[in-house]
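Everything on this sheet refers to the single structure shown next.
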Amino acid sequence: MSTSHRLRVLSLEDDPKDTELIQASLETEGIACVVTRVDTQAAFSASLEQGGIDLILADYKLPSFDGLSALKLATSISPEVPFLFVSGTLGEEVAIEALKIGATDYVLKTRLSRLAPSVLRALREADGRTERKRTEKALSRSETFLAEAQRLSRTGSFGWNIRTREVFWSAETYRVFECEPGTTPSVELVVERTHPEDRERLQHVFEHASETGDFDIEHRLISDDGSIKHVRVVARVIRGDEPEDLQIVGAVTDVTEAKRAQEALRRSEGYLADAQRLTRTGSWAYDVATRRGIHWSQENFRLLGFDPKEGVPPHGKFFQRIHPDDQENYSNAFESAITHQQPDLDLEYRVVLPNGETRYVHSVGHPVFDNSGNFSEYIGTAMDVTEQHNARAALETAFQEIQTLKDQLYKENIALREEIVQTSMFEEIVGESPALRAVLARVTKVAPTDSTVLITGETGTGKELIARAIHKRSQRSARAFVSVNCAAIPASLISSELFGHEKGAFTGAMQRRLGRFELAEGGTLFLDEIGELPPETQIALLRVLQEREFERVGGSKVIRANVRVIAATNRDLQGLIDAGTFRGDLYYRFNVFPIEMPSLRQRREDIPLLVEYFIDRYSAKTGKKIRSIEKSTLDRLRQYAWPGNIRELQNVVERSVILGESETFTVDGSWLSGGVDQPDRAGPTLLKIPPSQEKRAIEAALAEAHGRVSGPSGAAARLGIPPSTLDSKIKTLNINKHRFTTN
């Protein structure tokens, strides 16, 4: 405590003259002071609570208060303020007791010459205590900050005495090595925790540390659960006055997340390079200060016809490659974007390659600002749009009108997305096209009845969904809905599958089995692909539809059937009737209420709704968040022919969601192998060919496809049926498809 200012003294004294004498004694010794006198416990306590006191001088005896009580009160309220007794009656025993309690010193009123030195000593001791507390607090705070910094940065510290082999670890080092704080650290423990492939390298560093000096090494640790952790060890050799004082101090940092981030970055860069190559889109960066390009991606070099080995070409050299007719427009647009820091650069131009080829380029860009807010770079992309430009040239006028309507519709769809995720009241039947509305209207009318329904249409159009919708809106909805794919069951077992069999009815019939008609009792039986039913099964099925009864295979008991039948096929049943492979009377029993399912090509306006529905379903399953759909992707999906109909669309969306890395939904254009803007197939398909001519038609298609079944140019596509159906027919008709393969 410095005495350069007026000392603030609280005097506990009942005699004002004694207080004046004490103040005069201090000022005589050069200690300027302001003395406040109190003589009651209440006044003394109030002064302490108010604060602003540098020194307490107290008499031992007062009429209503004693010095020891005052001392105890002062040490509880203001323990940092020196407390001196100034009394004429203080005995030695009492003085000793006062010092034990916390008094700084005592002075007899008969010897006030000792007062000034005692006060100065007390103030110095108070300053010392205050400084020590400040230092201890600062040290504690520094240690806390250091520990917290190590925890946040995942960096622990260590020390190693090479002579004694003693090792010191900080708390964070224990956490990095996943050891209990009480564990004795050692070099051997570190090596034991190290990945076997890194141990030899690490041991070599430790063994030669005293010779090589400072070292910086990364290695792997194996955690207790078997996971791998990457750490970086940086150390410095400290040499003392004696050779044996050699020590190593350093830090160990958990860099696992950084390693993972680096790996993810490399992977992302690889994906980006592939994406740029597939989309023919290059990226570039332009330094505003130097007026030079500072980055071109590999695809940008390929697009603009420059050699990557020569580095990014000067801007002037690149400018000379632009078509002469486009140079002025490009120069004006680019200079304006740089000069005015335009948020968007969007222009098309032509480049003429050294071989004379002309490419159309669409380039977009935007400015980048540094941490100080200064305009530093302009970055962007360049896309090869030659094919698009050539295809657009003949239709540009009409396209502008259509594009305006499409853009308006796209914006409306974005705004109403939450309301139209599923516009249909028929569960998973999504859409609002006139073709689908007509089907759903027929479903609404026939569902409450018990009439047999025949659903026809191409594969993948959702015939089973319509059957389920009819069942759910019927009076049988509380009972079972049983589905049978007639094409997936061998002809020898179809009767047993539908009607059941008795024990011993045929080889392998070890016990009685209920058929699908019995399982669907009171409910609905859905027969898919009825065009594949063998003749004998058609007869038994006709009996069920006419008389509502049947017998199990190998049995004689007549079983009543209270089942509603819904049938479906993608075959031309009338053609099968003409060929004699399908019974006409059975057809008319099925065809009580026909429903023709439109192909996806006939309801293209439903594609956006279906895409959103499938995105929501598969993003929820994969835990991804997809917030928008790339407009070009949606346009491509609308234009695609969809030979596999909704099932193909569903597969494309699911695959895209699984592979997608961003919140914007895109589809790889190479997956849409059937092409875009294709008219509906009008030529003959296998579904319209009589069974007697099927083998010849399949062999002809295999010959044209060189033995290939699937794919856009495969035999299945030529015949207009799914590849799985064609494989089944090849096996049934005993066709050797390999003899059509060409080398």
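Glu328 is linked by a side chain to side chain donor-acceptor pair (under 3.5 Å) to nothing, counting only residues two or more places apart in sequence or in another chain. Residues passing the side-chain contact (heavy atoms from CB on, under 4.5 Å) test with Asn371: none are found, sequence neighbours excluded. With sequence neighbours left out, Arg359 forms a salt bridge (charged side-chain N to carboxylate O under 4.0 Å, His left out) with Glu357. Every side-chain contact (heavy atoms from CB on, under 4.5 Å) that Phe319 has, sequence neighbours left out, goes to Ile322, Gln327, Tyr330, Ser331. Shown here are the salt bridge (charged side-chain N to carboxylate O under 4.0 Å, His left out) partners of Glu529, two or more places apart in sequence or in another chain: there are none. Scored by the side chain to side chain donor-acceptor pair (under 3.5 Å) test, Asn332 finds no partners at all (sequence neighbours excluded). Residues passing the side-chain contact (heavy atoms from CB on, under 4.5 Å) test with Thr358, sequence neighbours excluded: Arg350, Val352. Glu387 pairs by the salt bridge (charged side-chain N to carboxylate O under 4.0 Å, His left out) definition with Arg280, not counting sequence neighbours. In this view, Lys259 and Glu218 satisfy the side chain to side chain donor-acceptor pair (under 3.5 Å) rule, not counting sequence neighbours. Contacts of Thr281 classified as side-chain contact (heavy atoms from CB on, under 4.5 Å), with partners at least two apart in sequence or in another chain: Thr279, Thr381, Met383. Applying the side chain to side chain donor-acceptor pair (under 3.5 Å) rule to Arg442 yields no partners; only residues at least two apart in sequence or on another chain are considered.
The ring pair (Phe, Tyr, Trp, His ring centres under 6.0 Å) test with Phe301 is passed by exactly one of Phe306, Trp296, Phe318: Trp296. Residue Lys737 forms a side chain to side chain contact (heavy atoms under 4.5 Å, CB included) with just one option from Ile698, Leu726, Asp727, and that option is Asp727. Across Arg571, Arg601, Lys463, a single residue satisfies salt bridge (Lys or Arg N to Asp or Glu O under 4.0 Å) together with Glu458, and that is Arg601.
For the atom pair CD1 (Ile607) and CD (Gln639), the distance works out to 9.5 Å, reported to the nearest 0.5 Å. Between the CD1 atom of Ile455 and the CD1 atom of Ile566 there is a distance of 6.0 Å, given to the nearest 0.5 Å.
Ion pairing of Glu299 with Arg302 is present here, as a side-chain N (NZ or NE/NH1/NH2) and a carboxylate O approach within less than 4.0 Å. Using a 4.0 Å cut-off between charged side-chain N and carboxylate O, Glu263 and Arg266 make a salt bridge. A salt bridge links Glu663 and Arg627; the closest N-O separation between the charged side-chain nitrogens and carboxylate oxygens is under 4.0 Å. A salt bridge is defined here as a Lys NZ or Arg NE, NH1 or NH2 lying under 4.0 Å from an Asp or Glu carboxylate O, and Arg291 with Asp287 fails to meet this definition.
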Legend entry - Derivation and outcome, side chain to side chain contact (heavy atoms under 4.5 Å, CB included), residues Val482 and Thr524: CA-CA 6 Å; Val482 179; Thr524 302; over 6 Å; no

Inset, instruction - Kindly indicate, with the supporting measurements, whether the criterion salt bridge (charged side-chain N to carboxylate O under 4.0 Å, His left out) is fulfilled by Asp635 and Lys631. - result: CA-CA 6 Å; Asp635 291 340; Lys631 185 176 182 300; 3.3 Å; yes

Inset, instruction - Let me see the working for Ile646 and Phe614 under side chain to side chain contact (heavy atoms under 4.5 Å, CB included), right down to the final yes or no. - result: CA-CA 10 Å; Ile646 299 175; Phe614 291 134; 3.9 Å; yes

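Defined by atom type and a distance below 3.5 Å, a donor-acceptor pair is present between the side-chain atoms of Ser628 and Thr664. Looking only at atom types and distance, the side chain of Arg617 has a donor-acceptor partner in the side chain of Tyr613 under 3.5 Å away. One side chain, Glu648 or Tyr640, offers a donor N or O that lies under 3.5 Å from an acceptor on the other. Asp384 and His362 form no side-chain donor-acceptor contact under 3.5 Å, judged by distance and modelled atom types alone. Between Ser670 and Asp668, the side chains place a donor N or O and an acceptor N or O closer than 3.5 Å (distance only, hydrogens not considered).
Residue pairs meeting the side chain to side chain donor-acceptor pair (under 3.5 Å) criterion with at least one member in residues 649-661, sequence neighbours excluded, are Tyr618-Gln650.
With hydrogens and angles disregarded, no donor-acceptor distance shorter than 3.5 Å links the side chain of Thr339 to the backbone of Ser336. Judged by distance alone, with hydrogens and angles left aside, the side-chain atoms of Ser474 form no donor-acceptor pair with the main-chain N or O of Pro448 at under 3.5 Å. Using a distance-only test at 3.5 Å, with no hydrogens or angles considered, a donor-acceptor pair links the side chain of Arg321 to the main chain of Gly305.
You'll find the ring centres of His315 and Phe334 inside the 6.0 Å limit. For Phe740 and His706, the gap between ring centers reaches or exceeds 6.0 Å. When ring centroids are compared, Tyr286 and Tyr378 stay outside the 6.0 Å threshold.
With contacts defined as side-chain heavy-atom distances shorter than 4.5 Å, the pair Val592/Leu454 does not qualify.
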